[in-house]
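What follows is a set of notes on a single structure, which appears directly below.
All heavy atoms count here, side chains included; hydrogens, waters and symmetry mates do not. First the proteins, then the strands, lettered A, B, ... as listed; each starts at 1.
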There are 2 protein chains.
Amino acid sequence: MAQSTKERLLETGMALLLERGYHDLGIQALLEETGTPRGSFYHHFRSKEDFALEVIDRYMAEVHEGLDACLGDTAAPPTVRVRRFFELSGEKYRREGYLGCLLGGLGQELSGVNEVFRERIETCLSEIAGRIADCLEEARAQGEIPADSSPTEMANVLLNCWEGAALRSRLWRSPKPLTQVLDFYFGSVTAEGRVS
Amino acid sequence: MAQSTKERLLETGMALLLERGYHDLGIQALLEETGTPRGSFYHHFRSKEDFALEVIDRYMAEVHEGLDACLGDTAAPPTVRVRRFFELSGEKYRREGYLGCLLGGLGQELSGVNEVFRERIETCLSEIAGRIADCLEEARAQGEIPADSSPTEMANVLLNCWEGAALRSRLWRSPKPLTQVLDFYFGSVTAEGRVS
DNA sequence: ACCTACAAGTAGACCGGTCGGTCTACCGAA
DNA sequence: TTCGGTAGACCGACCGGTCTACTTGTAGGT
């Protein structure tokens, strides 16, 4: 068997959750899409909520892979590495038809109702922001950005703006908001306050 | 009667849609919350979808009121007026318990599944961006921002970043992402590239 | 080599509850 | 008497979740 039943459910589930959101995606639809009987689903997952949380785990694993690949490349200046990570994410969005970010989607939909999801997704985002902040701290140390910058704050602002652009890109079905926000952010971060 | 049944449904519905989202909010819950019989609801609205669209209309009416109040104040410089509009929105979010923006919430949840909502919400956002762009055009004409700026693009970037901050503020239940993004945006827009 | 025993996973009928929506009856003001 | 609006019983469809039966793969005893 090329792929286990559980993996198939998680992979297809990730795509369906991104497209349809949590409440609009029924177990039934997922089972039909993957040709899985009901019993198998509940053998592998305690509940729909448990399933979605595992999908998020899988999503985060992919994100960390992307972060490893981009931020670890010490040949490039830190701010360039950070930008590359977002450009890589934008590439992924394109392949998916510009449906935005799963964390943003589930976060918006569920954070008003379900505390478990709210905390989990917030944790994921601050984890990502943390790794970006580490890289921006390098940029600060190397003088690429002003010495009085706050890498943590800058990373969070960047990530939040990116999530907003991802939402707009989902509405617009276009990469434009994504590239615009990167141009704006890195344009101002790396040029701001420079004399000469 | 202080408030007609329809108004009561729309007002309460707006709050409930913001908190719970579209799919998680059942007609039943809305009826119980407002003490309305089922028949009244379907007398005033063709369907749940029609209801939500009217809620969006009502929301947009409020947004335009805010825009009128802030952008019309010609005593202040244009960029200050724009900032005031977002600060006013932030005040509103605070009163609601930092649940973010209704357009962002419904946009994320529904734009992958329902074309009607996707187009409507995208139209709303570009309408808002358009009014902000007009004000930024004034700023450009007055030399407050560089002459080679693109007000439309700047307005869209600002609005998108704001929506992202609103999402994070919803997850975080805090105003911090909102104030951070405004400080960053207006800090770089009004200071960028200035010599002396 | 063969039988047994057991567990992991597959299969789908079935459950109570809730969903959005319809329908008829009723009410009160013009 | 008409008509905008209220009232709530009722409908089929679908929801997430449970249950039992079956199929497999395999470890262990003889």
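- When the P atom of C:dC19 is taken as reference, atom OH of B:Tyr22 falls 13 Å away, rounded to whole Å.
- Applying the 4.0 Å criterion to OP1 and OP2 of C:dC19, one finds that A:His23 has every side-chain N and O outside that range.
- Within the 4.0 angstrom heavy-atom criterion, no nucleotide atom of any strand lies near B:Thr36.
- Not a single donor-acceptor pair under 3.5 Å links the side chain of B:Gln142 to the backbone N or O of B:Pro77.
- Ring geometry for A:Phe86 against A:Trp162 counts as tilted: the plane angle lies between 30° and 60°, on a 0 to 90° scale.
- Mapping B:Lys48 and B:Gly39 onto DNA chain C by nearest heavy atom places B:Lys48 closer to the 5' end of the strand.
- The side-chain heavy atoms of A:Leu171 and B:Glu119, taken from C-beta on, include no pair separated by under 4.5 Å.
- Computed from coordinates, the A:Gln28 CD to C:dG17 C1' distance equals 17 Å when rounded to whole Å.
- If you check every strand for non-hydrogen atoms under 4.0 Å, A:Leu31 touches nothing.
- Between A:Leu30 atom CG and D:dG16 atom C1' the separation is 13 Å, expressed in whole Å.
- The distance from atom OH of A:Tyr42 to atom P of D:dC15 is 11 Å, rounded to the nearest whole Å.
- Between B:Phe184 and A:Phe184, the angle of the ring planes goes over 60°, which puts this pair in the perpendicular group of the 30/60° scheme.
- In this structure, A:Tyr185 is not a member of the same hydrophobic cluster as A:Val80, with clusters built from ILVMFWY side-chain heavy atoms closer than 4.5 Å.
- At a cut-off of 3.5 angstrom, the base of C:dG20 holds at least one donor-acceptor pair with the side chain of B:Arg38.
- Of the candidate nucleotides D:dG5, C:dT10, D:dC15, C:dT10 has the atom lying nearest to any side-chain atom of A:Thr5.
- Between B:Asp24 atom CG and D:dC14 atom P the separation is 20 Å, expressed in whole Å.
- A:Ile27 places its CD1 atom 11 Å from the P atom of D:dT18, with the value rounded to the nearest Å.
- Between B:Asn114 atom CG and C:dG20 atom C1' the separation is 15 Å, expressed in whole Å.
- The distance from atom CG of A:Leu9 to atom C1' of D:dG16 is 15 Å, rounded to the nearest whole Å.
- For B:His43, the listed nucleotide lying nearest its side chain is D:dT6; candidates were C:dG9, D:dT6, C:dG20.
- Each of D:dA7, C:dA11, C:dC19 was ranked by its minimum atom distance to the side chain of A:Pro37; first place goes to C:dA11.
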